[in-house]
2 protein chains.
Amino acid sequence: MTSKAAVQTASSEEPVSLALHARTRALQVTESVRAALLDGKLPADSRINEVQLARSLSVSRTPIRAALQTLAGEGLLDHQPNRGFVVRAFSMGEIGDAFEMRALSEGLICRLAAERGLSAEQDLAMREALYLGDELLALSPTPPDCRSRYSAINVQFHLALQQAADSRLLADVLRLCNRIPQTLTHNVVGFDLPDIRRRHENHHKIYHAVLLREPKAAETLMRAHIVSLKASLMRVAALASAAKKDDPADETHAQWLL
Amino acid sequence: MTSKAAVQTASSEEPVSLALHARTRALQVTESVRAALLDGKLPADSRINEVQLARSLSVSRTPIRAALQTLAGEGLLDHQPNRGFVVRAFSMGEIGDAFEMRALSEGLICRLAAERGLSAEQDLAMREALYLGDELLALSPTPPDCRSRYSAINVQFHLALQQAADSRLLADVLRLCNRIPQTLTHNVVGFDLPDIRRRHENHHKIYHAVLLREPKAAETLMRAHIVSLKASLMRVAALASAAKKDDPADETHAQWLL
DNA sequence: TTGCCTCAAGGTGCATACACTTTGGCACGA
DNA sequence: TCGTGCCAAAGTGTATGCACCTTGAGGCAA
């Protein structure tokens, strides 16, 4: 068995493939590697070999380096002089902090959205997210992919709100909070149905507060929404880590959140 | 007179000089350009010419591009494919949002610091900042550089608190909030003495709340501290913009905060 | 066996050359 | 005068070569 190698080299079996729709190769590489990082496909603390990555993507080292520099600036990678880029690791404590921060920033987003009002498209997107959620949760035999489908709806709801706040700074802050692998898209994984229903109800309440232009109420509701999300996730995480009780030192990383 | 040129090229008279203490040239360039950006030495919306910058710093384009990629990742520059890097502009609205965000995140920092406690060095640093502030504000003929000196003290206080919170995520978020030129170091510029005294009193209260391990109180105090700072700054800004009432469309940029 | 030194292989940092894109000016025609 | 198309200059995107640093294996001595 391979025990935890403190520094292992990444990409044993090509988890990153080129995204072709971007204008330049550097941007293609940036998107591809960022997606791989956020999906947790590259193990934390592993070094990234530039030549290897360049070969596997069929480009030279130049766009590779450009992409890695950008991602290091975004905080997804760490750069060590003369040693290259390593995949940044996130501790459990940091994940908890990220939820606290996310509660505050998404709360601020709601406040600003309530102050500034919704555009027609934003209102439509939110109502659609609410409607789709209603429909999904009303299905009598709960579909097996219910959680992943609700995850998409959840993203749509929060995204519309974020656009309504119309603040690039807040978008950047939220990206920082969500850059921790697996915590964004798979939020809903591991929750039971009542949990999802409760959160969907929260969405309804938040939407109404924003629609009625009640900034304080919207902010408070959203904060509570995220904090309860954190609590649920921490509970699930505790269960998961209790299930695999070997190597308790692994708490420093969060790969098990998969 | 040069009216506002929507796209002008930067560095008419070399505002950026190489920082030599870093290990690699790319890091030297990164630090230099970042400092120039945060000091507002490069006009917003101006394009950065790579060859020109390379010549003026006596390096090739490679480390220049590496630095610019990093800074773009940090959000200080924008990158447009095949057109290069542009100095990011911050609107007045965004500056206001940044203060709201800063209030929340520095509040969270205080809460975490109060929960986790101060190390010996952090406690020392904060007490020193408080003591130095007391001394400075007690001088009977107020020294002319009072504000800039208090600015340094202010930074020391907030930095110690940030280290006590011990969260890289929060440090990153704060960097986002403080990346707007001139709002970090020159916070105190333009305030009158009573304002500074009031803020110094706030520091005392915050320190005590953290010392007594009262997270909620510490958070609330810090939030109010930053929000009042925003109010003061906005008042000063309004006065400044009223003083130079020509070209009111200039509100989109914040160069006058100098 | 243990510790240290050497050295070669691997990998990153930087400079440079060239291809491709953008841009602004100029000529031409309406 | 104005719009249009072309073209050259300027500037960015990418590949590549080489210098330097890091790293780990092997030899040597204690």
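Reminder, nothing fancy here: chain letters follow the sequence lines and each chain counts from 1.
- With hydrogens and angles ignored, the 3.5 Å screen pairs no side-chain donor or acceptor of B/R116 with any backbone N or O of B/R111.
- Summarising the geometry, the separation between CZ on A/R61 and P on C/dG11 is reported as 10 Å, rounded to the nearest angstrom.
- Annotation for A/A164 and A/L118: closest pair CB-CD2, 3.5 Å, computed over non-hydrogen atoms.
- Between B/P81 and A/L27, the shortest heavy-atom distance links the atoms CG-CD1, 3.8 Å.
- The separation between B/R83 atom CZ and C/dT22 atom P is 9 Å, rounded to whole Å.
- Note: CD1 (A/I64) to P (C/dG13) measures 14 Å, nearest angstrom.
- Atom pair B/E50:CD and C/dT21:C1' shows a separation of 13 Å (rounding to whole Å applied).
- Counting non-hydrogen atoms under 4.0 angstrom, B/T24 reaches the backbone sugars and phosphates but no base.
- In this entry the distance linking CG of B/N82 with P of C/dT23 reads 9 Å, nearest Å.
- Going from atom CD of B/Q28 over to atom C1' of C/dG13 covers 12 Å, rounded to whole Å.
- Under a 3.5 Å cut-off, the side chain of A/Q163 and the backbone N or O of A/A160 do not form any donor-acceptor pair.
- The distance from atom CD of B/Q80 to atom C1' of C/dT23 is 14 Å, rounded to the nearest whole Å.
- When atom types are taken as modelled, the side chain of A/R88 and the backbone of A/G75 share a donor-acceptor pair closer than 3.5 angstrom.
- For DNA chain D, the contact window with chain A, defined by any atom under 4.0 Å from a protein heavy atom, covers D/dG13 to D/dT23 in 5' to 3' order.
- Each of B/R23 and A/S60 was assigned the nucleotide of DNA chain D with the nearest heavy atom; the assignment lying further toward the 5' end belongs to A/S60.
- Between the CZ atom of B/R47 and the P atom of C/dT22 there is a distance of 11 Å, given to the nearest Å.
- Between the side chain of A/Q156 and the main chain of A/A125, a donor-acceptor pair closer than 3.5 Å is present.
- Contacts of B/A66 with the nucleic acid, taken as non-hydrogen atoms under 4.0 Å apart, are absent.
- In this structure, the side chain of B/N49 engages the main chain of B/V51 through a donor-acceptor pair within 3.5 Å.
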